[in-house]
Amino acid sequence: MHTPVTIVGAGLGGLMLARVLHVHGISATVYEAEPSPTARTQGGMLDIHEYNGQLALQAAGLFDEFRGIVLEGREATRVLAPDGTVLLDEPDDGTGGRPEVLRGELRQLLVDSLPDGTVRWGHKVGGVRALGEGRHEVTFADGTTAVTHLLVGADGAWSRVRPLLSGATPAYVGTSFVETYLLDSDTRHPAGAKAVGAGAMVAITPGRAIQAHRESAGTLHTYVALSKSQDWFAGIDFTDSVATTARIAQEFDGWAAELTTLITDGDTAPVLRPIHALPIGHRWDRVAGVTLLGDAAHLSRPNGEGANLAMFDGAELGKALAAHPDDVEAALAGYERALFPRSTEAATEAARDFELIFGDTAPHGLISLFTGHEQSR
Ligand SMILES: Cc1cc2nc3c(=O)[nH]c(=O)nc-3n(C[C@H](O)[C@H](O)[C@H](O)COP(=O)(O)OP(=O)(O)OC[C@H]3O[C@@H](n4cnc5c(N)ncnc54)[C@H](O)[C@@H]3O)c2cc1C
């Protein structure tokens, strides 16, 4: 293929596309808003699934490197009641098929697998416009521009490329996460560390949850989930960490201290993450010279699939372009034909999982979800 590919966004999806193209000898440029790969903490553990994320890593020729960054023992899962009673405790027996990695390490692995200069850091895209005949002009925040025959929006939830294809915008789903970290937890926060155990812990009642994950070296990553309006969160001054954690903890009044400590004893400032989603079934008519992948195409409620799906999309698009070296439109049409039903099914499942986790049946819906996954995957 002679057309160099212009990718907006160096998340896991965009980087995976660039890597699979590189494996097939196709050059790409990835424009990324962040100034460097270490500019932002790429927090969070991701479990990488056999049926999508791992397939993408194989297509990228990076499976062995991926195995090298897997954190052993982190697939353990616990569900606790608000009083601290253990309702479910599944150890990591090494057979789960969902190995855990740190998002930042996986991203770095992909960056390192690309030729130098492939990712242009500090290139925030401000707008895009069609020039006709499949060509597009990308304008960066500093006023410079680039013209391309093949543009891929891998720029996440608030994609600047998406308006070329669709008028859809993400809507708030009614729940927000508040995120914090507890560092060196076994020594400094032993009660919280014990409650979380070796892997992931969730304590949940309808509309509220305390979730935490053990990352590397005793770091606990807490996501508190609260089903409240955005106006309610706007009433909290997130620049005042102490007042914020106290206000959030108030929502968990009466819960066991080893759980609320995961909020109140955070070592990093609490960060608000309102959860948004695109309409389920989001799709578009074919537009020459442009497509989307990952969250830009199908932002869904988080259920542990989004990063996996973004990488899978990136690999599928890369393979499609490599298979049609002289016909970009055939490649894009084939990619989208499979993308739309795949994304619709995933978004439907994510909405169902989210309702099971945070809806009226909590925590029993969540427990059946965990045990159901065990049986079916
Ligand atoms: C709280 C939470 C927890 C989650 N947990 C999991 C999990 O455990 N497992 C899982 O698989 N998924 C999880 N997800 C979902 C997952 O994070 C996303 O689905 C995934 O990151 C999507 O990848 P992406 O490459 O499409 O987009 P992103 O990861 O969002 O990457 C987009 C990139 O584009 C860049 N960008 C954005 N705008 C511009 C611009 N204008 N110009 C240039 N660059 C731009 C961004 O800086 C970013 O680097 C979670 C999501 C949330 C909110």
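Ligands are counted one by one from 1 in listed order, and the atoms in each one are counted from 1 as well.
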At less than 4.0 angstrom from any non-hydrogen atom of [X], what atoms of ligand 1 do you find?
X: Met45; answer: 8 (O)
X: Leu12; answer: 25 (O)
X: Gly13; answer: 25 (O)
X: Tyr31; answer: 43 (C), 44 (N)
X: Gly306; answer: 10 (C), 11 (O), 12 (N), 15 (C), 18 (C), 19 (O)
X: Gly156; answer: 27 (O), 30 (O), 32 (C)
X: Gly11; answer: 25 (O), 31 (O), 33 (C), 49 (O)
X: Glu305; answer: 10 (C), 11 (O)

For [X] and ligand 1, does the shortest N/O to N/O distance drop below 3.5 Å?
X: Asn308; answer: yes
X: Ala157; answer: no
X: Arg103; answer: yes

Got a donor-acceptor contact below 3.5 angstrom from the [X] side chain to the [Y] backbone?
X: His276; Y: Ala157; result: no
X: Thr245; Y: Val242; result: yes
X: Arg214; Y: Gly199; result: no

Nearest heavy atom to [atom]: which of [options] does it belong to?
atom: atom 22 (C) of ligand 1; options: Asp155, Val119, Val8, Asp295; answer: Asp295
atom: atom 4 (C) of ligand 1; options: Ala350, Gly314, Pro302; answer: Pro302
atom: atom 41 (N) of ligand 1; options: Val30, Leu299, Val125, Asp313; answer: Val125
atom: atom 46 (C) of ligand 1; options: Met16, Arg120, Glu32; answer: Glu32

Determine, step by step, whether Asp313 and His298 satisfy the side-chain hydrogen bond (donor to acceptor under 3.5 Å, both in side chains) criterion, reporting the C-alpha distance in whole Å, the side-chain angles of both residues, the deciding distance to 0.1 Å, and the verdict.
CA-CA 11 Å; Asp313 291 352; His298 48 72; 2.7 Å; yes
Under 4.0 Å, heavy atoms only, figure out whether ligand 1 is touched by the backbone of Ala307, its side chain, both or neither.
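The part of Ala307 near ligand 1 is both the backbone and the side chain.
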Contact between [X] and ligand 1, counting heavy atoms under 4.0 Å?
X: Glu179; answer: no
X: Ala154; answer: yes
X: His123; answer: yes
X: Arg107; answer: yes
X: Met311; answer: no

Going through the checks in order, is the salt bridge (Lys or Arg N to Asp or Glu O under 4.0 Å) test met by Arg352 and Glu305?
CA-CA 13 Å; Arg352 198 194 59 213; Glu305 293 290 348; over 6 Å; no
Does either side chain, that of [X] or that of [Y], offer a donor lying less than 3.5 Å from an acceptor on the other one?
X: Glu336; Y: Thr291; answer: yes
X: Glu349; Y: Asn303; answer: no
X: His49; Y: Gln54; answer: no

Parallel, tilted or perpendicular: which one describes the rings of His123 and Phe140, with boundaries at 30° and 60°?
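Perpendicular.
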Carefully, step by step, assess Glu329 and Arg286 under the rule salt bridge (Lys or Arg N to Asp or Glu O under 4.0 Å).
CA-CA 9 Å; Glu329 282 311 302; Arg286 179 92 290 288; 2.8 Å; yes
Hey, could you give me the CZ/CG distance between Phe66 and Leu106, rounded to the nearest 0.5 Å?
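Spacing of CZ (Phe66) from CG (Leu106) equals 7.5 Å.
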Can you check whether His221 reaches Gln211 side chain to side chain, under 4.5 Å on heavy atoms?
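Side chain of His221 against side chain of Gln211, heavy atoms only: no contact under 4.5 Å found.
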Establish, yes or no, whether a centroid distance under 6.0 Å links the rings of Phe340 and Trp284.
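Close enough - the centres of the two rings lie under 6.0 Å apart.
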